Amino acid sequence: MRAKQRGFLNSAWDFFCSLKLTIFSLIALAVTSIIGTVIQQNLSRQEYLRVFSEKTYRTLDQLQFFDMYHSWWFIGLLVLFCINLICCSIKRFPRVWRMVHNPMLVPSEQVLKTFSNVDEQLVAGEIKGLTQRMQGFLGNQFSAPQVTEQDGSVYLYAEKSKYARFGVYITHLSILIIFLGAIIGNVYGFKGFVNIPEGGETNKIWLRNSQASLPLDFTLRCEDFSVSFYGNSQRPKEYRSVLTVIDQGQTMIDHRPTIVNDPLSYKGLTFYQSSYGAAGDEVVSIKVKLRGEDKVDAFSLQRGQMVDLPNGDRLRLADFTPTFRNFGPAARIDVLPHSGEARAVTVFKNFPDFDNERGGAYIFTMINFDQRYYTGLQVTKDPGVWVVWLGCALMVIGCLVAFFMSHRRLWVVLSGQDGKVGVRLVGSAHRNQPAFELYFDELKNKFREELSDS
Amino acid sequence: MNSGQLFNLVTIGYFSAMVLFIGYLATRSSVIATLATVLAYLGFAIQTVAIGLRWYETYQVPGGAGYAPLSNLYESVVFFSWTILLIYLLIDLKYKQRSVGAFVLPFAFLAMTWAQLRLDSTISPLVPALQSNWLTYHVITCFLGYAAFAVACGVSIMYLIKIGKENKSSDAPAGGLVGIMPSAKILDDLNYKAIMIGFPLLSLGIITGAAWANYAWGTYWSWDPKETWSLIVWFIYAAFLHARITRGWAGRKAAILSIVGFAATIFCYLGVNLLLAGLHSYGA
């Protein structure tokens with residue numbers, strides 16, 4: 001029973017360590033990920049029913065295809081992937097650690113035979129003198145060797161970039177760190193938004209997922225918002241909010257322009273320019289001139305607003321539109337005399353003389369109009385983001401080390417043979433064998449030269 | 001002379017190089033191979049100048065503040081063919097396997113032809129979302145990665161042809177088109193080398209994209225189709241890298257994974273923009 005159990009545990013362990021599982025989980029993640037790019041995610045039930053029948057909808061919903069990246073089976077695949085990664089690393093790492101920290105200073109004959117990069121020379125001389133020369137040779141050509149004597153033979157061992165063996169594990173660890181960062185962000189962070197009208201301020205934001213509001217312990221004011229375009233085209237050039245942060249009565253950030261690709265951060269929260277819209281009515285400035293007189297009065301009016309003119313008549317902005325057919329901004333003004341009937345007058349911003357030509361007692365001109373906007377800001381707090389960047393940096397470093405560096409080892413073994421000395425040069429690289437072979441061939445020639453001088 | 005005319009010259013250059021490389025497969029004449037390589041270098045040089053010229057032209061349009069020409073589909077396709085040549089020429093410098101050109105140049109030629117004939121080459125100044133240095137880092141890393149995968153795909157096709165022929169004619173030395181190709185072992189190694197270059201670049205491309213998204217929108221990952229597809233590509237090449245060291249997966253299956261990986265890359269690059277909706281739709 002116990003043996004059986006151990007057998008089961010062993011095969012479970014082998015299963016979770018296997019490279020086949022790695023390939024399976026990577027391909028499974030790749031294939032299942034496609035679903036969420038074909039079916040739009042997180043729409044409302046009504047929107048899905050426009051595309052799918054009720055029955056299909058229910059099946060897909062049960063499979064969690066409408067929020068698949070957070071479904072139990074996708075998260076399950078990611079967990080399987082991580083377990084595989086951890087098991088693989090646990091299995092292989094200790095051996096690699098030992099190899100790096102306790103190098104094989106005295107390899108056995110059997111081990112030496114497994115390496116394909118070998119050269120052997122038989123030379124006259126003494127082991128001691130030759131050892132010194134070989135020490136110098138390795139030191140000059142490669143790196144300073146460690147010398148070990150055993151059973152009358154001398155073993156020189158030299159290595160380069162031994163830490164290259166850790167590249168793979170750095171890469172594996174980086175993936176786990178990125179996941180950790182994502183989890184921290186999901187648990188301790190949030191995403192929200194806030195709309196602030198120009199000149200307005202707020203000390204709360206709205207959370208994206210829960211529709212609940214979240215109070216801020218400071219006040220954010222929108223001083224101004226503007227959109228600019230390239231030339232006369234409709235192609236937007238810049239969306240700009242000017243923001244001020246007031247914390248406990250003190251202005252901490254003053255009139256900071258915030259544009260797309262340049263967010264504002266304060267107390268761990270970051271505010272991103274993300275949308276805008278019209279806030280309330282436009283304010284229209286109108287000039288009034290009594291025919292034949294020099295005096296001109298100017299008024300700023302919102303829709304429906306009424307003002308008194310100096311002679312007791314009254315004026316009301318009945319309506320305004322920024323585009324009236326092709327004529328541009330237009331306003332309808334009601335003139336209400338203190339006695340008699342109201343009259344409606346239309347003025348156009350682009351045709352200032354239009355009302356003059358009407359020939360009435362008053363001459364109205366529209367000088368300008370001002371639209372008040374609100375700015376839409378995306379708000380996020382993500383304390384895990386730096387963990388994610390750390391993971392990303394490690395991933396790039398790990399990949400570069402794993403792909404482009406190789407642990408190279410050289411041994412020189414000197415042993416007496418019938419009054420002469422057999423000198424053997426053996427080399428091994430943990431990856432990129434072809435390049436190492438070329439290097440070794442060159443080294444071999446220098447090695448022979450060095451020995452032929454003796 | 002404007003950049004459009006230069007790009008036409010480049011297209012002709014790549015077409016001629018491609019034809020000559022294929023001619024080399026048929027004739028085995030080293031003169032033709034050298035001529036093809038020279039044309040490839042020449043086309044690459046002209047394309048480099050032309051991209052620089054287009055960069056200069058972005059400052060000349062009315063109201064243009066100038067930008068690195070990597071912002072729309074036309075510019076990215078042109079840049080893609082440039083990166084394919086860059087990676088190919090680097091590998092050519094190191095390994096001198098001229099027959100590879102016949103399988104890589106067609107990608108660059110097709111890209112240039114499509115860009116010149118079908119895509120809108122108007123220079124339009126950048127919308128607010130694209131006004132960021134991250135655009136340049138993101139596009140350059142992604143496309144260098146894509147180009148390395150294109151080279152790997154070409155080499156994998158060669159590999160499959162090679163082992164297909166070798167298996168059929170057992171031990172008789174393969175002649176003709178296949179005979180001039182490098183051995184299956186070298187092709188397998190080249191495939192790996194190209195992906196070895198491409199994988200860190202793709203990773204870096206995804207990371208710079210995430211960094212940019214975080215800077216512009218406050219979220220480094222939102223499972224938008226483009227992001228997801230780049231991750232799918234990453235998964236496939238990660239599978240490839242592990243397949244190579246797994247018994248039963250090395251060789252043929254690894255080569256197929258490399259081809260599937262490039263197909264996914266092309267879908268990530270073009271399919272997502274043309275067929276699916278998302279944050280990158282302005283790219284089309």
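Below, each value reflects all heavy atoms present in this structure, side chains not excepted, and no hydrogens, waters or symmetry copies. Note that this is a predicted model, so its numbers are computed, not measured. Throughout, a chain's letter reflects where its sequence line sits, starting with A, and its residues are numbered from 1.
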Can you tell if the side chain of [X] reaches within under 4.5 Å of the side chain of [Y], non-hydrogen atoms only?
X       : Y       : value
K237(A) : P125(B) : no
D262(A) : Y215(B) : yes
I232(B) : I34(A)  : yes
Y220(B) : D382(A) : yes
V260(A) : Q131(B) : no

Counting heavy-atom pairs under 4.5 angstrom with chain A, the leader among A216(B), P128(B), A238(B), S124(B) is P128(B)
Counting heavy-atom pairs under 4.5 Å with chain A, the top scorer among T246(B), L204(B), V233(B), I245(B) is T246(B)
What part of [X] is in contact with chain B, defined as an atom under 4.5 angstrom from a non-hydrogen atom: side chain, backbone, both or neither?
X       : value
N432(A) : side chain
F24(A)  : neither
V388(A) : side chain
L29(A)  : both
E238(A) : backbone
S274(A) : neither
A182(A) : both
Y230(A) : side chain
K381(A) : neither
I175(A) : side chain

Quick one: [atom1] on [X] to [atom2] on [Y], what's the gap to the nearest 0.5 Å?
X       : Y       : atom1 : atom2 : result
L202(B) : C399(A) : CG    : SG    : 10.0 Å
H242(B) : I23(A)  : NE2   : CD1   : 8.0 Å
M395(A) : W234(B) : CE    : CH2   : 4.5 Å
W223(B) : H70(A)  : CH2   : NE2   : 8.0 Å
I197(B) : F403(A) : CD1   : CZ    : 11.0 Å
N214(B) : Y272(A) : CG    : OH    : 5.0 Å

If you count the non-hydrogen atoms of other residues, nucleotides and ligands that lie under 6.0 Å from [atom1] in [X], is the total more than 12?
X       : atom1 : value
R252(B) : CZ    : no
Y137(B) : OH    : no
W386(A) : CH2   : no
F229(A) : CZ    : yes
K267(A) : NZ    : yes

Is it the side chain or the backbone of [X] that comes within 4.5 Å of chain A heavy atoms, both, or neither?
X       : answer
W221(B) : neither
S203(B) : side chain
A264(B) : neither
L257(B) : side chain
F199(B) : side chain
Y192(B) : side chain

One option among T380(A), I178(A), L19(A) has the most heavy-atom pairs under 4.5 Å with chain B, and it is L19(A)
Counting heavy-atom pairs under 4.5 Å with chain B, the top scorer among T37(A), V396(A), N261(A), V31(A) is N261(A)
Heavy-atom closest pair (P200(B) atom, L400(A) atom, distance to 0.1 Å) is CB-CD2, 4.3 Å
Heavy-atom closest pair (W389(A) atom, I207(B) atom, distance to 0.1 Å) is CZ3-O, 4.4 Å
